[in-house]
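The structure appears below as structure tokens.
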Amino acid sequence: MSGFEYVDDELCCDHVSISRMATKIKTPFYLYSYDTLKKNYQSYVDAFATTNLSICYACKANSNLSILRALGEMGSGMDVLSHGELFRALKAGISPAKIVFNGNGKTREEMAYALQSGVFAFNVDSLNELFILNEVAMANNTVARIALRVNPDINPLTHPYVATGLAKSKFGIPIHETKDVYQTASTLENIKVVGIHSHIGSQLSKVELYLETLKKIMPLVKELRDIQIHLEFINLGGGIGIPYQEGESMPHPKDLSELISSLVKDYKLILEPGRSIVGTAGVLVARVLYIKHTHKKNFIVVDAGMNDLLRPSIYGAYHHAVLATKHIDTEEMMYDIVGPICEEGDFLARDRQMPKVKQGDLLVIKDAGAYGFSMSSNYNSRPRVSEVMGIDGNDYIIRERESYEDMICRESIPDILM
Ligand code: LLP
């Protein structure tokens, strides 16, 4: 038994009772299961055992150093999209030769840092960026290895905010323009064309979408070969969804490998999974502050808010909520779970039928390992919460809760205001 499971009515994370943890760690806090992380990572490795696959974990999903370190130890590379993410990946000991640099707005300074660090490749998002990268590489006396990010114009059937492969999306080079851009790239002195990249969206529920993408990309790869542009790798980005709702079914990496492995067999395949690696490996633990009944609703007011977990507020995302300690009485009620932030959009769950909850109970908001802490903020001057990892019967603080001093330490009051 490991991961998140009830033992004698107590929810445990890798054999440690969450209630017990909450006696010494101030709520709210994020809690990660090392075991689940490993299983999720391994599911990709096993599924693609016979494919030349490199996994570049998308560290935007969760960039805590211990998460990066743990995945690095398992063999993962990283997808980074900012100076800060590259800095973190290197600090966690990830070899730059396993790092791809993404993003549609890389600055010259970020390019220089990535070149000096020796990253594996840049995924270039526009012709304009390509020219700048060439200049920066020249100034640094080096050559930038690149893939072009292709926008294949595919509807990924996901939330509009994370649908990135549609023609109207800000990401990638329209597929019909890509051959020309490759030709231009191949003439630039400080650019070496090595691959092709596409990431059509996140929380994808169908692996057939990757097949659709490949059907658009592979003819282009062949055309490029015909004009002596030979690619080393095909990078299909991240995107495999996770089941947030109970009983929801989502594809497994095996489904993807069965569908696409034979099509990419002549190339190295790169995937950049984020959510499917870390999503189910994390929860947000919150304490019930108040129960409030109005004539319209029953509210559970917890000590975690939209600044801690933003996904419900901005995407209307569903996260399953459970009690850390199961109640014996089975009476159920319909609740909204809300935070202490001064906005009506500050909710973690709406209209949830669940066992009657009491003040002081611990609530566990599930599947919050991806885009949970990494999207958290200090809104309402609330310190960012601590992060904890359960590993084989022990719990480790992997990020301390911020102090109030931490929150103001970069601010100053000019003399004129004194
Ligand atoms: N590669 C690229 C270029 C990406 O932009 C992303 C995610 C990934 C890989 C990883 O995708 P994943 O495997 O995690 O689906 N904040 C949103 C998700 C934003 C995704 C951004 N890009 C959320 O909470 O749902």
Side-chain angles (χ1 to χ4, degrees), residues 30 37 40-41 43-44 54-63 67 71 76-82 85-86 89 99-106 120-126 129 147-152 156-166 169-173 195-207 209-210 213 233-244 250-253 256 269-282 284 306 308-319 348 365 367-377:
Y30 275 96
L37 190 69
N40 290 345
Y41 180 80
S43 67
Y44 275 91
S54 288
I55 299 172
C56 290
Y57 163 70
C59 63
K60 57 184 79 72
N62 187 322
S63 56
I67 299 272
L71 288 168
S76 188
M78 300 281 144
D79 144 30
V80 302
L81 96 156
S82 67
E85 285 190 354
L86 177 54
I99 298 178
V100 294
F101 202 108
N102 259 304
N104 67 318
K106 306 174 190 81
F120 176 72
F122 290 83
N123 293 328
V124 172
D125 199 77
S126 67
E129 180 194 326
L148 293 184
R149 176 164 180 174
V150 181
N151 181 327
L157 312 167
T158 185
H159 192 285
Y161 288 5
V162 295
T164 50
L166 283 165
S169 162
K170 72 168 178 167
F171 293 103
I173 299 165
I196 191 162
H197 175 253
S198 181
H199 168 81
I200 61 165
S202 196
Q203 186 58 7
L204 307 181
S205 55
K206 287 188 167 53
V207 282
L209 292 161
Y210 294 89
T213 304
F233 67 81
I234 293 170
N235 182 340
L236 289 178
I240 290 189
I242 60 167
Y244 284 104
M250 278 290 161
H252 186 274
L256 181 61
L269 172 67
I270 298 180
L271 293 176
E272 302 168 345
R275 190 191 313 267
S276 52
I277 298 279
V278 80
T280 57
L284 176 63
M306 64 189 285
D308 303 308
L309 180 62
L310 188 58
R311 304 192 69 259
S313 299
I314 63 168
Y315 311 121
Y318 181 100
H319 284 266
L348 299 175
I365 313 295
D367 307 314
Y371 309 108
F373 186 91
S374 66
M375 291 175 75
S376 68
S377 77

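Both counts, for ligands and for their atoms, begin at 1 and track the order of listing. This chain uses plain numbering: 1 for the first residue, then up along the sequence. Since this is a predicted model, take the numbers as computed values, not measurements.
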Contact between A61 and ligand 1, counting heavy atoms under 4.0 Å? no

Please classify the L81 to ligand 1 contact at 4.0 Å (heavy-atom distances, strictly less than): side chain, backbone, both or neither. neither

Minimum distance, heavy atoms only, to atom 1 (N) of ligand 1: which one of H197, E272, Q203 is it? E272

Please verify whether a non-hydrogen atom of H159 lies at under 4.0 Å from ligand 1. no

Pairs of nitrogen or oxygen atoms closer than 3.5 Å, one from S276 and one from ligand 1: do any exist? no

Check K60 with E85, please: is the shortest side-chain N to carboxylate O separation under 4.0 Å? no

Any nitrogen or oxygen of R149, main chain or side chain, under 3.5 Å from a nitrogen or oxygen of ligand 1? no

Could you check if a side-chain atom of N235 sits within less than 4.5 angstrom of a side-chain atom of E272, using non-hydrogen atoms only? yes

Tell me the contacting part of R275 for ligand 1: side chain, backbone, both, or neither, using a 4.0 Å heavy-atom threshold, strictly below. both

Tell me whether G274 has any N or O atom under 3.5 angstrom from an N or O of ligand 1. yes

So which heavy atom on I55 is nearest to which on S76, and how close? O-OG, 3.5 Å

M375: numbered ligand 1 atoms lying under 4.0 Å from its heavy atoms: 16 (N), 24 (O)

Looking at S198, G239, G103, the heavy atom closest to atom 12 (P) of ligand 1 belongs to G239

Heavy-atom closest pair (D79 atom, A58 atom, distance to 0.1 Å) is OD2-CB, 3.3 Å

Nearest non-hydrogen contact with atom 20 (C) of ligand 1 belongs to which option: Y371, F171, Y244? Y371

Side chain, backbone, both or neither: which part of Y161 has a heavy atom under 4.0 Å from ligand 1? neither

Look at the aromatic rings of Y30 and F373 and report parallel, tilted or perpendicular, splitting at 30° and 60°. perpendicular

Decide if the gap between the ring center of F233 and the ring center of F120 is smaller than 6.0 angstrom. yes

With rounding to the nearest 0.5 angstrom, report the OG to CD1 distance, S276 to I242. 8.0 Å

Enumerate the atoms of ligand 1 whose separation from the nearest heavy atom of A58 is less than 4.0 angstrom. 8 (C), 9 (C), 10 (C)

For a 4.5 angstrom cut-off between non-hydrogen side-chain atoms, does H197 reach V100? no

